[in-house]
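Beneath this line is the structure, given in structure tokens, with notes to follow.
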Amino acid sequence: MAVFTAVSLDDLHQWIKQYPLGQAVGLEGISSGIDNSNFFLNTEHGPHSGQYVLTIFENLRFDQLPFYVKLMAHLAERGIPVPAPVPNTDGDLVVALHGKPAIIVSRLQGSSQLDPQPVHCAEVGRMLARMHLAAQDFALHQPNLRGLDWWVETAPAVLPYLSEAEAALLRSEVAYQSEFAAGATYADLARGPVHADLFRNNVMFEGERLSGCFDFYFAGVDTWLYDVAVTVNDWCVDLATGVLDAARVRALLDAYHEVRPFTDDERAAWQPMLRAGALRFWLSRLYDLHLPRAAELLTPHDPTHFERILRERIACPAPNLP
Ligand SMILES: Nc1ncnc2c1ncn2[C@@H]1O[C@H](COP(=O)(O)OP(=O)(O)OP(=O)(O)O)[C@@H](O)[C@H]1O
Ligand SMILES: N[C@@H](CCO)C(=O)O
């Protein structure tokens, strides 16, 4: 059960008066999710037909939230289907509830598509390109906190837990990515705010139509191509082997390219970037498994899935960018 802070309708009676939503009339804990406490919240009125999600942040502090929450607001205002944060009557998007930071956002309709077909991948590619363009003029800046600096700093902490073969792969891949990131091709890549965690479980579909995406809490400024690589590594793989499915890759990349054409520098950087996207999640999963934070709440994800993907990307070139 992923509700770590208990909340009742009674608790909300006074608290919700700071919002232009009327009284809370329904509150139901959401069982998935491992970082935060989430609730479906129904209110008497409000711009989203009274249908909201209340999130209480279990690990992020107030000062860590503006980049993520304002980015969601920025994207929602530009028509990207992301949860729109609701301001209270003082204009604040993040407020305290039971002493922790909390937000109310619009509820997205639909459900996850965990067995995506090319048609779903095309929707994801199109939306990702629209999101990159819409975020270009976002005023706040925060680097990708799970980027190269974090890999270099974190790899030594997990090395003692690895087999010889795993440790050799991790060391050589961090070295490879450091060299790649120091090169001229990398420096010329387009960049801006990126989602950086656009996995299947963070996107909603109604039938074949993408109805929204959420979980912006790993967002940061990085190359757009990195975001594409992270997305392809999840949406277009065979989960058992990590092998890419060419039809899904084509669908996602072609749809992205139609909205925001890839550049020659991006074509040159594509294969290393897919490896970067695999390394990031292998390392974060290793870190969560072997060095769990005191406040870590549920079972970590399996690191070997991304080790397999990384080995596969090194051994076998992916379909090229259009
Ligand atoms: N705006 C929203 N509209 C509809 N459903 C939502 C919304 N936000 C979150 N959810 C639901 O809540 C669940 C948990 O949300 P989320 O993934 O953001 O939680 P989390 O604790 O940050 O999880 P994790 O870190 O595992 O991704 C989602 O799987 C989704 O079903
Ligand atoms: N998408 C991440 C979890 C953090 O949201 C993973 O699969 O490791």
Side-chain angles (χ1 to χ4, degrees), residues 1-5 26-42 46-60 64-65 68-69 71-73 75-76 80-86 93 100-114 144-146 150 154 194-206 210-220 227 229-235 237 239 242 277-289 292-293 295-310:
M1 175 67 176
V3 170
F4 311 107
T5 300
L27 187 69
E28 184 196 334
I30 303 177
S31 59
S32 60
I34 61 169
D35 276 320
N36 303 311
S37 297
N38 291 293
F39 304 83
F40 291 125
L41 167 69
N42 293 320
H48 300 279
S49 317
Q51 295 205 310
Y52 296 93
V53 169
L54 166 67
T55 298
I56 302 179
F57 295 95
E58 302 292 344
N59 295 308
L60 291 168
Q64 295 173 307
L65 283 163
Y68 310 119
V69 176
L71 177 59
M72 285 194 273
L75 293 171
I80 308 298
V82 303
V86 181
L93 297 178
K100 295 175 182 168
I103 59 171
I104 294 178
V105 298
S106 58
R107 178 173 175 174
L108 303 167
Q109 302 301 313
S111 53
S112 317
Q113 173 50 259
L114 299 179
N144 172 8
L145 301 178
R146 288 281 181 277
W150 187 82
T154 306
V194 300
H195 185 285
D197 190 25
L198 196 64
F199 281 42
R200 300 174 193 195
N201 61 345
N202 287 333
V203 179
M204 299 283 214
F205 278 88
E206 288 184 302
L210 189 158
S211 52
C213 79
F214 52 90
D215 208 354
F216 280 79
Y217 306 112
F218 285 113
D227 215 11
V230 166
T231 308
V232 164
N233 273 340
D234 184 65
W235 283 87
V237 290
L239 293 176
L279 172 65
R280 181 268 186 242
F281 289 96
W282 183 34
L283 188 52
S284 63
R285 287 178 173 203
L286 285 171
Y287 185 74
D288 290 345
L289 179 69
R293 291 162 292 171
E296 195 109 291
L297 302 162
L298 290 183
T299 325
H301 298 290
D302 173 20
T304 61
H305 174 66
F306 274 103
E307 180 189 348
R308 225 171 2 257
I309 291 182
L310 177 57

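We count ligands from 1, going down the list as the structure has it; atoms in each ligand are counted the same way.
Of all the atoms in ligand 2, the ones that sit under 4.0 Å from a non-hydrogen atom of F218 are 4 (C), 5 (O). Per-residue contacts place H301 under 4.0 angstrom from the following atoms of ligand 2 (heavy atoms of the residue considered): 3 (C), 6 (C), 7 (O), 8 (O). Atoms of ligand 1 found under 4.0 Å from any heavy atom of I30, numbered from 1 in the order shown, are 11 (C), 12 (O), 13 (C). Applying the 4.0 Å criterion to heavy atoms of D197 picks out, from ligand 2, the atoms 1 (N), 2 (C), 4 (C), 5 (O). Atom numbering of ligand 1 starts at 1 in the shown order; those under 4.0 Å from a heavy atom of P83 are 1 (N). Per-residue contacts place R285 under 4.0 angstrom from the following atoms of ligand 2 (heavy atoms of the residue considered): 6 (C), 7 (O), 8 (O).
F216 places none of its side-chain heavy atoms less than 4.5 Å from the side chain of N202. Counting heavy atoms from C-beta outward, L27 and L54 have side chains that approach closer than 4.5 Å.
Looking only at distances, no side-chain donor or acceptor of H48 sits under 3.5 Å from a matching main-chain atom of V105.
By the 6.0 Å and 45° rule, R200 does not stack over the aromatic ring of F205. Taking the ring centre of F306 as origin, the terminal cationic atom of R285 falls outside the region bounded by 6.0 Å and 45° from the ring axis.
Checking only distances, R107 never comes within under 3.5 Å of ligand 1, N or O to N or O. For ligand 2, none of its N or O atoms has an N or O atom of S284 under 3.5 Å away. By the 3.5 Å distance cut-off applied to N or O atoms, D215 is not counted among the residues near ligand 2. Looking at ligand 1, you'll find an N or O of N36 within less than 3.5 Å of one of its N or O atoms.
Ligand 2 lies out of reach of Y217, whose nearest heavy atom is not under 4.0 Å from it. Within the 4.0 Å heavy-atom cutoff, G212 does not count among the residues contacting ligand 1. Residue contact annotation: M204 has a non-hydrogen atom under 4.0 Å from ligand 1. Look at F214 and you'll find a heavy atom under 4.0 Å from some atom of ligand 1.
Only side-chain heavy atoms of F40 come within less than 4.0 Å of ligand 1; its backbone N, CA, C and O stay farther off. When non-hydrogen atoms are compared, ligand 1 lies under 4.0 Å from neither the backbone nor the side chain of S112. Only the side chain of N38 comes within 4.0 Å of ligand 1, judged by heavy-atom distances. Residue-level proximity to ligand 1 for V105 is carried by the side chain, the only part with a heavy atom below 4.0 angstrom. Contact annotation: for F306 versus ligand 2, there are no heavy atoms closer than 4.0 Å.
Taking the six-membered ring for Trp, W282 and Y287 have ring centres at least 6.0 Å apart. Note: F40 and Y52 fail the aromatic proximity criterion, with ring centroids not under 6.0 Å apart.
Closest of all the heavy-atom pairs between W150 and L145 is CB-O, 3.4 Å. Heavy-atom minimum distance, L65 versus P101: CD1-CB, 3.5 Å. Across all their heavy atoms, L108 and V82 have their closest contact at CD2-C, 4.0 Å.
Interatomic distance, CZ of F57 versus CG of N59, reported as 10.5 Å (0.5 Å rounding). The OG1 atom of T55 lies 7.0 Å from the CD1 atom of I30; values are rounded to the nearest 0.5 Å.
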